[in-house]
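All remarks here apply to the structure that follows.
No experiment lies behind these values; they were computed from the predicted model shown. Residue numbers begin at 1 in each chain, while the letters A, B, ... track the order of the sequences. FYI, side chains are in, hydrogens and waters are out, and symmetry mates aren't considered; it's all heavy atoms of this structure.
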Amino acid sequence: MADSQENDQRAQRRANLASLADLGVPVYPHAFRGADPDRDADTVSALVDAHGSTCGADLESAQVRTATAGRILIVRSFGKARFLVISDGRKRIQVYVRKDALSDGDFGVAALLDIGDHVGVEGRLFRTRTDELTVWADRLEFLAKCHLPLPEKWHGLTDVETRYRRRYLDLIVNPGSRAVFEARARVIASIRRFLEDPERGFLEVETPMMQPIAGGALARPFVTHHNAQDMDLYLRIAPELYLKRLVVGGMERVYEINRNFRNEGVSTRHNPEFTMLEFYWAYRDYRDLMTLTERLLETVARDVAPFTRDAVGADGGDPRGSGADDDAAVVFGGRTVSFRGPYPRVKLRQAVGDAAAERLGIPVSESDLRNRGTAAQVAARLGVETVPGHGPGKISLEIFERLCEPAILQPTFVHDFPTEVSPLSKQRDDDPDTVERFELYVAGMELANGFSELNDPVEQRRRFEAQLRDRQGGDLEAHRMDEDYVRALEYGLPPTAGEGVGIDRLVMVLTDSPSIRDVILFPLMRAKS
RNA sequence: GGGCCGCUAGCUCAGCGGUAGAGCACCUGACUUUUAAUCAGAUGGUCGCUGGUUCGAUCCCAGCGCGGCCCA
């Protein structure tokens, strides 16, 4: 037990740390700045960015001095010299440590370094015989100890469970993982830039994550409790009702990028907490949203795609293979997905009817799907289970999810949803069974959901009451009554369009990540004893 | 919720009824421009957990745990 444990690499590393302390080296120093008080140390990334393509002769004549720091990832050791590869988490640079270039003390430190330790070095840049950009170190500073061995340098860490549970390790040894999260940050920054462009003028706001009534979506919430107020609260399933209250309050263009929480199963496309962009646009309708969405996603894809192609390694094929010079195209799962607009628009019942007809070999009309009896028959023939409480709208949606959703690869707007499944959307003037609502599908996933907002408080109350009946019928995802929201509508919500965009799924497509867990730094995992 | 697959050294993986192997890492030695450095040698394991079958189980069986993929 203790013996075999003490014999392991951890003990060896601890012994090296003790030896450093014996040499009088501060083993947990407070900072690294380099010897020159007038200059900050360079990051490894900055060095590589600045000199990654400078040739050796130019480096010799310029005599570029640097102080830089990073984590040791590789050591190649010779008798009186060694090469270290250090990383700042983004990029790597080689450091050449030779006995005759360092003080005895510093070379003694070098001998006690383990892979994973943090070090600071100073020296001049040069290129080796093999043309590798390298710091010729004349000073070496120990910065922090890595007490545990790192995963293998060649295969890295491939076990997905460990990658999710110990993301820090994944980030240390798998550069592609870091690149995914850099891309994620770029996606979000690009969205903010797009919406806040003065031409569009959206204002970022924050609304409650803890809500007394979990509204704005059809989903089961997490419950929590406020002790001092002795009050149950729900983690929000959507910010929608609060954002629309702000529009009532005169904030005509608002958006929020933040977490939603839904008490549902986990899958490659679902994490209980996930990030949504939600935005509201007064005086516009769902057609305007579709156009804006095309521009938004095209812009984001353009901003991020070139970066992901080389950094994430999401280049399994030529993303421009199908369309010439499509800079808004990415490869996802080996197939090219282009975010260049405009996207096809298909009506939900039309899509369902066509798919059902093709599958069954009999005509299925839109009106079949508006009638509960015939819709249920179609579902039964397709093997899609229906619940007695489900109306024709819910049944159509079930069929859509089963038949159509997985088959959609390129961005496609599916629009004109049944009113029954859309309690917050505005009806079409010519068709009260249908609302002005769309969902955007990409690569078999729902990426966005938007609609013209229902702003008639009387109709809103009726919709909530219909939802309450569904709830009494056992539908735990049915919407709850929110009296204050109805009151807000009574003060007058202008004609408004609103939309939610799933950021995690968007990042999945843009970074060619097969699982939502690959794009969330710390995805939910079961506790492991 | 169901089906299939996986869990063996720090990491990546072999092994599959007779008391456990490789590569990398680690340790010792050689080596002052290497880059999966090289060369020589040595160390390291409750084979996910619990039970069963067996003279004997990492291996077969059952249950459980965690994860992956597919389906609902």
Closest-nucleotide 5' rank along RNA chain B - winner of A/Thr268 and A/Arg402:
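The residue closer to the strand's 5' end, by nearest nucleotide, is A/Thr268.
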Heavy atoms from C-beta onward define the side chain here; which of [options] lies closest to that of [X]?
X: A/Tyr96; options: B/C27, B/G67, B/U32; result: B/U32
X: A/Glu152; options: B/U34, B/G68, B/U12; result: B/U12
X: A/Gln9; options: B/U34, B/G68, B/G10; result: B/G10
X: A/Arg526; options: B/G10, B/C27, B/G67; result: B/G67
X: A/Arg76; options: B/U33, B/G67, B/A37; result: B/A37
X: A/Trp136; options: B/U12, B/A72, B/U33; result: B/U33
X: A/Phe83; options: B/U34, B/C69, B/U32; result: B/U34
X: A/Leu157; options: B/C11, B/U33, B/G68; result: B/C11
X: A/Thr128; options: B/U34, B/C11, B/A25; result: B/U34

Among A/Thr128, A/Val135, A/Leu84, find the one that has a side chain to side chain contact (heavy atoms under 4.5 Å, CB included) with A/Gln94.
A/Thr128
Test A/Ile72 against every option in A/Asp114, A/Leu150, A/Leu113, A/Val95 by the side chain to side chain contact (heavy atoms under 4.5 Å, CB included) rule and name the one that passes.
A/Leu113
Counting only Watson-Crick pairs (N1-N3 plus N6-O4 or O6-N4) and G-U wobbles (N1-O2, O6-N3), all under 3.5 Å, who is the partner of [N]?
N: B/C24; answer: B/G10
N: B/A62; answer: B/U50
N: B/C4; answer: B/G68

Any donor-acceptor pair under 3.5 Å linking the side-chain atoms of [Y] with those of [X]?
X: A/Arg437; Y: A/Asn449; result: yes
X: A/Thr162; Y: A/Asp159; result: yes
X: A/Arg90; Y: A/Thr43; result: no

Spacing of the [atom1] atoms in [M] and [N] (rounded, Å):
N: B/A62; M: B/C27; atom1: P; answer: 45 Å
N: B/C11; M: B/C4; atom1: C1'; answer: 27 Å
N: B/G48; M: B/C39; atom1: P; answer: 33 Å

Step through it carefully: locate the ring centre of A/Phe417, locate the ring centre of A/Phe400, and say whether they are under 6.0 Å apart.
no
What do you reckon, are the aromatic ring centroids of A/Phe438 and A/Phe413 less than 6.0 Å apart?
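Centroid distance A/Phe438-A/Phe413: below 6.0 Å, so yes.
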Nearest-Å distance for atom pair [atom1]/[atom2], residues [X] and [N]:
X: A/Arg13; N: B/C26; atom1: CZ; atom2: P; answer: 7 Å
X: A/Leu84; N: B/U32; atom1: CG; atom2: P; answer: 16 Å
X: A/Arg165; N: B/C66; atom1: CZ; atom2: C1'; answer: 6 Å
X: A/Leu112; N: B/C27; atom1: CG; atom2: P; answer: 10 Å
X: A/Leu150; N: B/C11; atom1: CG; atom2: P; answer: 11 Å
X: A/Phe78; N: B/U38; atom1: CZ; atom2: P; answer: 10 Å
X: A/Arg163; N: B/G10; atom1: CZ; atom2: P; answer: 21 Å
X: A/Ile172; N: B/C11; atom1: CD1; atom2: C1'; answer: 13 Å

For the base of B/U34, is there a side-chain donor-acceptor partner from A/Glu132 under 3.5 Å away?
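No such pair is found, so the answer is no.
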Is the base of B/U12 touched by the side chain of A/Thr158 through a donor-acceptor pair closer than 3.5 angstrom?
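No pair found.
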For B/A25, does either OP1 or OP2 sit under 4.0 Å from a side-chain N or O belonging to A/Lys153?
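The answer is yes; a side-chain N or O of A/Lys153 sits under 4.0 Å from OP1 or OP2.
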Using a 4.0 Å heavy-atom cut-off, does [X] contact any base of the nucleic acid, only the sugar-phosphate backbone, or nothing at all?
X: A/Arg98; result: base
X: A/Arg517; result: sugar-phosphate
X: A/Glu385; result: nothing
X: A/Ser77; result: base
X: A/Asp100; result: base
X: A/Gly156; result: sugar-phosphate

